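Note sheet for the following structure.
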Amino acid sequence: DLIKKADISLYEAKKGGKNRVEYYGGDGEDTASRRLDMEKNMRDATANSCEEFEVYYQPVIDISGEKERCSGVEALVRWNSGKMGMVGPGEFIPLAELGLINPIGDFVLRKACEKCKYWNDMGHPEYRINVNLSVVQLLQNDIVERIRTVLEETKMRPENLTLEVTESLAINDIGRMKKVLSKIKELGALIALDDFGTGYSSLSHIRELPIDIIKIDRCFVIDLGKDDYAETFVRMVAELADTIGVRMCVEGVEYDEQLQILKDMKKVQYIQGYYYD
Ligand code: C2E
Ligand code: CA
Ligand code: CA
């Protein structure tokens with residue numbers, strides 16, 4: 001117990017810029033302590049062949065045809081921790097990025113590919129799967145090999161796999177990103193630019209990076225029907241994407257009205273959101 005408390009102080013001291021003294025018992029003790037617990041539990045969970053991690057699937061709906069059709073899914077990881085209960089990725093992925101993202105990311109990719117292969121074999125050969133890749137994973141020297149291995153071992157068709165990357169990472173080192181993404185595409189997989197419109201969005205990236213799909217962030221959908229800016233933004237990006245042959249997906253559709261507006265634009269191919277699942 002004493003060492004754990006000393007650790008909490010140590011963590012606070014490091015967070016505050018190192019080379020300083022921190023006393024145990026101050027504010028933020030609960031969050032710091034939860035974080036330490038989480039780190040330890042996550043280490044145990046990954047050492048235990050990631051059994052506590054679960055992959056959930058949100059349908060991706062193709063709205064470009066006469067009738068809406070489920071074209072595939074996005075894999076979203078959850079951690080069903082024996083000690084902490086259900087933990088969402090928004091909470092544990094940032095912590096995992098400090099060290100454990102590789103085993104967790106590999107696990108999700110493998111589970112997702114196995115599932116997709118299963119669906120493909122069971123009468124839906126065109127079903128696709130999207131898997132999120134963290135910047136930390138993309139920066140691993142062996143990321144392409146890791147993906148290749150999973151594809152080979154699960155015998156999944158590479159063209160049914162889409163890897164989602166975020167823009168904020170693309171901006172850091174665009175040259176390197178281009179190279180890695182091109183290598184991933186050589187495997188046959190597709191690339192989606194996630195959360196477009198947030199952070200350091202730059203329209204030039206749509207052109208510069210070898211991407212196949214742009215995913216418009218949920219924050220624009222919230223304002224659809226209420227705010228002209230959001231609608232114009234979506235419409236404009238859709239036009240641009242269409243011009244250069246990139247497909248577009250809009251995330252976070254919850255209401256009928258939002259779906260109608262997007263359908264009326266005629267240029268949005270895919271949507272995701274609680275409206276469907
Ligand atoms: P994301 O990739 O943008 O995923 C979409 C998030 O929005 C998911 O939250 C999803 O449950 C939620 N969502 C979907 N439709 C709706 C909607 O209609 N309304 C609202 N309010 N929310 C909706 P989730 O699963 O908590 O994931 C959060 C983030 O964690 C993801 O954002 C992604 O960046 C990251 N993440 C999830 N799984 C993985 C993974 O396997 N690997 C990595 N590296 N990151 C992951
Ligand atoms: Ca995503
Ligand atoms: Ca997103």
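Owing to the predicted nature of the structure, the values given are computational and were not obtained by experimental measurement. Ligands are counted one by one from 1 in listed order, and the atoms in each one are counted from 1 as well.
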Return yes if some donor-acceptor pair links the side-chain N/O of Asn160 with the main-chain N/O of Pro125 below 3.5 Å, else return no.
yes

Protein N, O or S within less than 3.0 Å of the Ca ion (ligand 3), waters excluded
Asp194 OD1, Asp195 OD1, Glu251 OE1, Glu251 OE2

With a 4.0 Å cut-off, strictly under, does atom 24 (P) of ligand 1 pick up any protein heavy atom?
yes

Shortest protein contact, atom 10 (C) of ligand 1 (heavy atom only):
Leu76 CD1, 3.8 Å

Heavy-atom proximity to atom 3 (O) of ligand 1, best of Ile101, Ile271, Asp195:
Asp195

Answer yes or no: is there an ion pair linking Glu114 with Lys117, defined by an N-O contact shorter than 4.0 Å?
no

Could you list which atoms of ligand 1 come closer than 4.0 Å to a heavy atom of Ser134?
44 (N)

Per-atom filter on ligand 1: closer than 4.0 angstrom to a heavy atom of Glu74 are 2 (O), 4 (O)

Is Arg110 paired with Asp106 through a side-chain N to carboxylate O contact shorter than 4.0 Å?
no

Salt bridge or not between Lys215 and Glu251? Use side-chain N to carboxylate O under 4.0 Å.
yes

Using distance alone, with no hydrogens and no angle criterion, decide if Asp223 and Tyr229 have a side-chain donor and acceptor under 3.5 Å apart.
no

Under 4.0 Å between a Lys/Arg side-chain N and an Asp/Glu carboxylate O for Arg35 and Glu39?
no

Given that the side chain starts at C-beta and the backbone is N, CA, C, O, which of these parts of Gln272 lies under 4.0 Å from ligand 1, counting heavy atoms, or is it both or neither?
neither

Nearest non-hydrogen protein atom, atom 9 (O) of ligand 1
Arg78 NH2, 4.5 Å

By the salt bridge (Lys or Arg N to Asp or Glu O under 4.0 Å) test, which pairs, at least two apart or in different chains, include something from residues 128-137?
none

Nearest protein heavy atom to atom 5 (C) of ligand 1, by residue and atom, and its distance?
Glu251 OE2, 4.2 Å

Which pairs of donor and acceptor atoms, one on a side chain in residues 90-105, lie under 3.5 Å apart (sequence neighbours left out)?
from	atom 1	to	atom 2	distance (Å)
Glu91	OE1	Arg34	NH2	3.1
Glu91	OE2	Arg34	NE	2.9
Glu91	OE2	Arg34	NH2	3.2
Glu97	OE2	Ser134	OG	2.9
Asn102	ND2	Gln140	OE1	3.1

Nearest heavy atom to atom 13 (N) of ligand 1, choosing from Phe107, Tyr56, Tyr275, Tyr274, belongs to Tyr274

Nearest option to atom 2 (O) of ligand 1, as decided by whichever heavy atom of Asp217, Leu133, Asp194, Val131 sits closest:
Asp194

Any non-hydrogen protein atom below 4.0 Å of atom 30 (O) of ligand 1?
yes

In this structure, the Ca ion (ligand 2) sits at the vertex of an angle between OE2 of Glu74 and OD1 of Asn132 that rounds to 10° as 90°

Checking heavy-atom distances from atom 38 (N) of ligand 1 to each of Val221, Ile93, Val77, Val253, the winner is Val77

Within less than 4.0 angstrom of ligand 1, does Gly88 place any heavy atom?
no

Provide, to 0.1 Å, the distance between atom 28 (C) of ligand 1 and the closest protein heavy atom, together with that atom's residue and name.
Pro89 CG, 3.9 Å

Do Ile271 and Leu76 sit in the same hydrophobic cluster, where Ile, Leu, Val, Met, Phe, Trp and Tyr count as joined when their side-chain heavy atoms come under 4.5 Å apart?
no

Applying a heavy-atom cut-off of 4.0 Å, say which part of Lys215 lies close to ligand 1: side chain, backbone, both or neither.
neither

Is atom 18 (O) of ligand 1 near the protein, in the sense that some protein heavy atom lies at less than 4.0 Å from it?
yes

For Arg218, state whether at least one heavy atom is located under 4.0 Å from any atom of ligand 1.
yes

Do Glu52 and Asn80 meet the criterion of a side-chain donor-acceptor pair at a distance under 3.5 Å?
no

Numbering as shown, the atoms of ligand 1 that approach Gln137 to under 4.0 Å (heavy-atom distance):
44 (N)

Transitive ILVMFWY cluster of Tyr255 at side-chain heavy atoms under 4.5 Å: who else is in it?
none

Other residues, nucleotides and ligands only: do more than 12 of their heavy atoms fall within 6.0 Å of CG on Asp142?
yes

Check Lys111 with Glu54, please: is the shortest side-chain N to carboxylate O separation under 4.0 Å?
no

Tell me: protein heavy atom nearest atom 15 (N) of ligand 1, and distance?
Gln58 NE2, 3.0 Å

Carboxylate-amine/guanidinium contact Arg235 Glu231, below 4.0 Å:
yes

Above 12 or not: heavy atoms from other molecules or residues under 6.0 Å from NZ of Lys155?
no

Less than 4.0 angstrom from a charged side-chain N to a carboxylate O is my criterion; do Asp212 and Arg247 meet it?
no

Among protein heavy atoms, which sits nearest to atom 21 (N) of ligand 1, and what does the distance come to when rounded to 0.1 Å?
Glu254 OE2, 3.2 Å

How far is atom 34 (O) of ligand 1 from the closest protein heavy atom, and which atom is that?
Asn132 OD1, 4.6 Å

Keeping the roles fixed (side chain from Gln58, backbone from Asp277), state whether a donor-acceptor pair exists under 3.5 Å.
yes

